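To keep things clear, I will list the structure first and then write my remarks on it.
No hydrogens, no waters, no symmetry mates; every other heavy atom, side chains included, goes into these values. If you're wondering where the values come from, they're calculated on a predicted model, not measured in any experiment.
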Amino acid sequence: MQQSKDTITLLLRAFKESFPSSAEPLIIRSPGRINIIGEHTDYNDGFVLPAAIDKAAYLAISLRDDNEIHLRALDLQRSFTVAINNLKPVTNINWPNYILGVVNEFRTKNIPLQGFNAVLTSDVPIGAGLSSSAAVECATAFALNELLHTNIDKIELVKMAQSAEHTYAGVRCGIMDQFASMIGKKNNLIKLDCRSLEYEYIPLTLKGYKLVLFDSNVKHSLASSEYNKRLEQCEQGVHWVNKKYPAKKLRDITKPMLQEQVQPKNKLIYQRCLFVVEEIERLQQACEYLKNGNIHGLGEKMFQTHNGLSKLYEVSCKELDILVELVHNNPAVLGARMMGGGFGGCTLNIVKDEAIILLIESVSKSYKQATGLECKAYIVEIEDGTTITHPNRRLYV
């Protein structure tokens with residue numbers, strides 16, 4: 001809570017320094033996310049089980065009287081300016097695209113736009129697989145919806161934020177990241193059907209355990225290209241199955257169908273599709289475990305997920321595999337797996353409270369010895385989704 005207050009104070013000061021004649025800004029807090037289980041299932045119309053966390057992007061924003069957009073990234077000490085009628089993806093830097101892509105979504109809906117001033121800061125670690133980009137996109141969508149009085153509902157704002165990632169950031173992501181950031185609820189996971197967008201909140205009761213992230217401190221350059229390649233491989237598998245069985249996505253396909261229609265044609269594509277089909281099954285089982293208070297069962301499913309991501313889907317890397325292996329036989333760790341798109345970022349671990357400090361010390365030391373890299377650790381809690389934090393005084397009570 002104190003960190004949120006300090007961040008807002010810092011952001012207000014930076015906004016007034018950057019735009020001294022501007023109106024008092026609206027400040028939006030939009031969180032990063034974790035995903036307990038259900039990785040790479042969202043763009044296959046499957047289920048996911050994400051949650052918003054207590055690390056977030058904060059956007060201070062107010063409208064201008066002209067058609068210019070003035071942006072400042074506080075953490076990067078970078079600024080960017082563009083006129084609305086010259087709006088297009090920026091090719092030499094990435095960070096403005098997460099904001100400009102959302103502005104473009106409002107434009108495609110023929111909503112009259114105004115210029116605005118905005119300052120951005122974030123404590124969501126970049127490159128850690130916690131969806132820092134989705135947090136910025138959702139903050140922008142939520143803010144413009146408020147300032148322009150467009151009354152767009154949250155689900156539509158989620159879709160707009162996702163589309164911005166596709167068109168301006170160039171990543172064909174599923175809808176999970178933006179959905180969790182926008183719709184998250186404190187102390188609850190979201191079981192999201194990525195086809196219908198129907199969802200239910202599932203309370204997360206850890207009882208003596210906490211969620212700990214180990215950041216591999218790597219982000220391999222092939223992450224985005226390989227992400228898009230996996231999507232194409234899944235689509236190819238569906239295409240082959242669909243020649244005999246009606247199927248729109250891997251969500252509609254069973255393992256026997258894959259064995260009959262895909263395995264004889266291409267072993268690699270079969271492995272990719274098999275992981276997704278099995279992961280959808282694992283998520284359903286994990287939700288039943290959660291509803292019955294079986295945290296140990298959930299943890300075992302997490303280990304299984306990592307094995308599939310590493311061996312079948314091949315989106316892990318040696319650093320992530322090392323982090324999971326370091327905790328695999330530790331009785332204080334119920335489950336662990338890589339999280340996010342892959343090729344770097346974090347592992348997610350369920351760890352007994354009293355073992356956390358020693359585990360962080362042990363893993364950090366062993367990881368440094370094995371890789372030569374520092375390992376950052378974050379203890380995260382489940383928080384609410386995108387909200388106004390200023391001028392709403394809730395954080396200051």
Any donor-acceptor N or O pair under 3.5 Å, side chains Ser122, Ser132 =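 No donor-acceptor contact under 3.5 Å links the two side chains.
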
key: Criterion side-chain contact (heavy atoms from CB on, under 4.5 Å) on Asp123 and Asp75, from CA distance to verdict   = CA-CA 9 Å; Asp123 60 11; Asp75 308 314; over 6 Å; no

inquiry  = Please confirm whether the ring centroid of Tyr313 lies under 6.0 Å from the ring centroid of His40.
reply    =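 Aromatic pair counts; centres sit under 6.0 Å.
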
Return the [atom1] to [atom2] distance between [X] and [Y], rounded to the nearest 0.5 Å.
| X | Y | atom1 | atom2 | answer |
| --- | --- | --- | --- | --- |
| Cys287 | Asn292 | SG | CG | 11.0 Å |
| Leu231 | Lys229 | CG | NZ | 13.0 Å |
| Met302 | Leu348 | CE | CG | 4.0 Å |
| Gln285 | Gln304 | CD | CD | 7.5 Å |
| Ile61 | Phe116 | CD1 | CZ | 4.5 Å |
| Leu250 | Met257 | CG | CE | 11.5 Å |

Identify the heavy atoms of [X] and [Y] that sit nearest to each other, and give their distance.
| X | Y | value |
| --- | --- | --- |
| Ala52 | Ala180 | CB-O, 3.6 Å |
| Ser30 | Ser181 | OG-OG, 3.0 Å |
| Ala336 | Val327 | CB-CG2, 3.6 Å |
| Val238 | Ala247 | CG1-O, 3.6 Å |
| Ala141 | Leu157 | O-CD2, 3.8 Å |
| Cys317 | Val218 | SG-CG2, 4.4 Å |

key: Test ring-ring contact (aromatic ring centres under 6.0 Å, His included) applied to Tyr289 - qualifying residues, sequence neighbours left out   =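 By the ring-ring contact (aromatic ring centres under 6.0 Å, His included) rule, Tyr289 matches no residue at all.
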
key: Set of residues satisfying ring-ring contact (aromatic ring centres under 6.0 Å, His included) with respect to His328, sequence neighbours excluded   =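 Once residues adjacent in sequence are excluded, the partners of His328 under the ring-ring contact (aromatic ring centres under 6.0 Å, His included) criterion are Phe303.
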
In one Ile/Leu/Val/Met/Phe/Trp/Tyr side-chain cluster, 4.5 Å: [X], [Y]:
| X | Y | answer |
| --- | --- | --- |
| Val351 | Met339 | no |
| Leu283 | Phe275 | yes |
| Ile356 | Ile295 | no |
| Leu144 | Ile111 | yes |
| Leu11 | Phe19 | yes |

Determine whether a donor-acceptor pair (N or O, by modelled atom type, separation under 3.5 Å) exists between the side chain of [X] and the backbone of [Y].
| X | Y | result |
| --- | --- | --- |
| Thr347 | Leu320 | no |
| Arg64 | Gly115 | no |
| Lys265 | Gln261 | yes |
| Gln178 | Ala134 | no |
| Asn145 | Ile152 | yes |
| Gln162 | Cys173 | yes |
| Ser310 | Asn307 | no |
| Thr305 | Lys301 | yes |
| Ser316 | Leu309 | no |
| Asn44 | Gly46 | no |

request  = Identify the residue among Asn228, Leu268, Val276, Asn266 that makes a side chain to side chain contact (heavy atoms under 4.5 Å, CB included) with Gln233.
outcome  =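 Of Asn228, Leu268, Val276, Asn266, side chain to side chain contact (heavy atoms under 4.5 Å, CB included) with Gln233 is met by Leu268 alone.
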
key: Passing option when Val363 is tested against Val333, Leu323, Asn330 for side chain to side chain contact (heavy atoms under 4.5 Å, CB included)   =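 That would be Leu323; it is the only one of Val333, Leu323, Asn330 passing the side chain to side chain contact (heavy atoms under 4.5 Å, CB included) with Val363.
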
Derivation of the side-chain contact (heavy atoms from CB on, under 4.5 Å) call for Lys248 and Arg195 = CA-CA 10 Å; Lys248 294 181 179 179; Arg195 169 169 289 168; 3.9 Å; yes

request  = Just do the side-chain contact (heavy atoms from CB on, under 4.5 Å) check on Tyr367 and Glu374 with the steps written out, would you?
outcome  = CA-CA 7 Å; Tyr367 183 73; Glu374 300 293 336; over 6 Å; no

query = In this structure, which one of Lys185, Lys186, Lys55 forms a salt bridge (Lys or Arg N to Asp or Glu O under 4.0 Å) with Glu383?
reply = Lys186

Does the distance from a Lys or Arg side-chain N to an Asp or Glu carboxylate O, for [X] and [Y], drop under 4.0 Å?
| X | Y | result |
| --- | --- | --- |
| Glu226 | Arg230 | yes |
| Asp384 | Arg29 | no |
| Arg282 | Glu279 | yes |
| Asp177 | Arg33 | yes |

[atom1]/[X]: more than 12 non-hydrogen atoms of other groups inside 6.0 Å:
| X | atom1 | result |
| --- | --- | --- |
| Lys376 | NZ | no |
| Glu156 | CD | yes |
| Asp65 | CG | no |

key: Test side chain to side chain donor-acceptor pair (under 3.5 Å) applied to Ser364 - qualifying residues, sequence neighbours left out   = none

task = Kindly confirm or rule out a cation-pi arrangement of Lys191 over Phe47, judged by NZ or CZ under 6.0 Å from the six-membered ring centre and within 45° of its axis?
result = yes

Salt bridge (Lys or Arg N to Asp or Glu O under 4.0 Å) partners for Arg13, two or more places apart = none

Listed pairs under 3.5 Å, donor-acceptor, residues 77-95 side chains, sequence neighbours left out:
| unit_1 | atom_1 | unit_2 | atom_2 | d |
| --- | --- | --- | --- | --- |
| Gln77 | OE1 | Arg72 | NH2 | 3.4 |
| Gln77 | NE2 | Leu74 | O | 2.7 |
| Thr81 | OG1 | His70 | ND1 | 3.4 |

inquiry  = Is any side-chain heavy atom of Met160 closer than 4.5 Å to one of Val102?
reply    =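 With C-beta onward as the side chain, the pair stays apart.
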
ask   = Run the side-chain contact (heavy atoms from CB on, under 4.5 Å) check on Cys194 and Val48 step by step: do they pass?
value = CA-CA 7 Å; Cys194 295; Val48 289; 3.8 Å; yes

Using atom types as modelled, flag every donor-acceptor pair under 3.5 Å from a side chain in residues 197-215 to any protein atom, sequence neighbours excluded.
| unit_1 | atom_1 | unit_2 | atom_2 | d |
| --- | --- | --- | --- | --- |
| Tyr201 | OH | Ile183 | O | 2.7 |
| Lys210 | NZ | Asp353 | OD1 | 3.3 |
| Asp215 | OD1 | Asn217 | N | 2.9 |

